[in-house]
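What follows is a set of notes on a single structure, which appears directly below.
Here the structure is a predicted model, which is why all the values come from computation and not from measurement.
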Amino acid sequence: MPADVGSAAGTPAQVRWYFDFISPFAYLAFEALPRALAAVVPAPQIDYRPVLFAGLLDHWGHKGPAEIGPKRRFTYEHVAWLAARHGIPMQVPRHHPFNPLPLLRAAIAAGGSRTAIERLFRFVWQEGRLPDEPGFAAVLGDLGISAAALEAPAVKQALRDNGALAIAEGVFGVPTAVAATPRGSRLVWGFDALPMLADWLNGAPLFDSDALRRAATLPTGVKRPGA
């Protein structure tokens, strides 16, 4: 392992983990994250950052997977398959997409702890319920916050600030980890890229290879009209 990485120096790496409860891939990644990073020593410090996925889509000018008919069906089948393959309990809510703002604000109002985020993710993706259902009030009670807290200006501003920071860091989708180590900072997107995140945090030599440098600097060829 290279001598300049955080684990070798004994300094935990810093990871900002951007997510939206609307994303089943974010749920799967959240559940898998502890196991995926178990071999990273010392354990990284994870800063969980709720963001509005729709805001990222608007900024970068692209559609969500649920907005493209054939991709929509494949996405739901894919996440069901992934959940079964990885042994992660999943029950989809009654419809999707849905309005995630109450969940995002609740995560912020509750202090952004992993425990609070877990309760909210599992309300949607294990219990199959949504924040417009009566059971959401009980979740807020479990988290020690009131419905009024979701309308607090400071909570709303914190969510906007998370979105602005995410865009400034180049985040284009959820879940995304922005992982900082002494060798630099790297953006890692997606549930299936969790092993890549662990390798980066552990200082895998591939990240200093010509292959990755070529991949990062590959020139653009043709462009679609209007793109």
Minimum side-chain heavy-atom gap [X]-[Y] below 4.5 Å:
| X | Y | value |
| --- | --- | --- |
| Trp17 | Phe30 | yes |
| Leu201 | Val15 | yes |
| Leu28 | Trp125 | no |
| Leu130 | His95 | yes |
| Phe53 | Ser23 | no |
| Leu150 | Val155 | no |
| Val92 | Val79 | no |

Expected output: side-chain Gln14 to main-chain Pro12 donor-acceptor under 3.5 Å: yes
task: Give a yes or no on whether the backbone of Tyr48 and the side-chain of Arg114 come within a donor-acceptor separation of less than 3.5 Å.
output: no
For residues 164-180, tabulate all N or O donor-acceptor pairs below 3.5 Å that involve a side-chain atom, not counting sequence neighbours.
from	atom 1	to	atom 2	distance (Å)
Glu169	OE1	Arg16	NE	3.1
Glu169	OE1	Tyr18	OH	2.5
Glu169	OE2	Arg16	NE	3.4
Glu169	OE2	Arg16	NH2	2.3
Thr176	OG1	Gly173	O	2.7

statement: Hits for salt bridge (charged side-chain N to carboxylate O under 4.0 Å, His left out) against Asp142, two or more places apart or cross-chain, chain-then-number order -> Arg119
statement: Contacts of Arg213 meeting salt bridge (charged side-chain N to carboxylate O under 4.0 Å, His left out) (sequence neighbours excluded), chain-then-number -> Asp210
message: Atom CZ of residue position Arg94 - does it have more than 12 heavy atoms of other residues, nucleotides or ligands inside 6.0 Å?
response: yes
- line: For residues 95-110, the salt bridge (Lys or Arg N to Asp or Glu O under 4.0 Å) pairs (sequence neighbours left out) are Arg105-Glu151
- request: Sort and list the pairs that fulfil salt bridge (Lys or Arg N to Asp or Glu O under 4.0 Å) and have at least one residue in residues 53-63, not counting sequence neighbours.
  value: none
statement: Sorted by chain and number, sequence neighbours left out, side chain to side chain donor-acceptor pair (under 3.5 Å) with Arg72 holds for Tyr76
- request: Go through the structure and list residues passing side chain to side chain donor-acceptor pair (under 3.5 Å) with Asn99, not counting sequence neighbours.
  value: none
Qualifying residues under side-chain contact (heavy atoms from CB on, under 4.5 Å), relative to [X], sequence neighbours excluded:
| X | answer |
| --- | --- |
| Ala38 | none |
| Gln126 | Tyr27, Glu31, Pro89, Arg122 |
| Pro100 | Asp20, Ile22, Leu52, Phe98, Leu104 |
| Asn162 | Arg49, Pro50, Val51, Ile108 |

query: Between Arg186 and Asp199, does at least one N-O distance fall below 4.0 Å, as a salt bridge requires?
result: no
query: Hey, any chance Met196 and Leu218 share a hydrophobic cluster, counting ILVMFWY side chains that come within less than 4.5 Å of each other, even indirectly?
result: no
- request: Sequence neighbours left out, what passes ring-ring contact (aromatic ring centres under 6.0 Å, His included) with Phe207? Give chain and number order.
  value: Trp200
message: Angle between ring planes, Phe21 versus Phe19, binned at 30° and 60°: parallel, tilted or perpendicular?
response: perpendicular
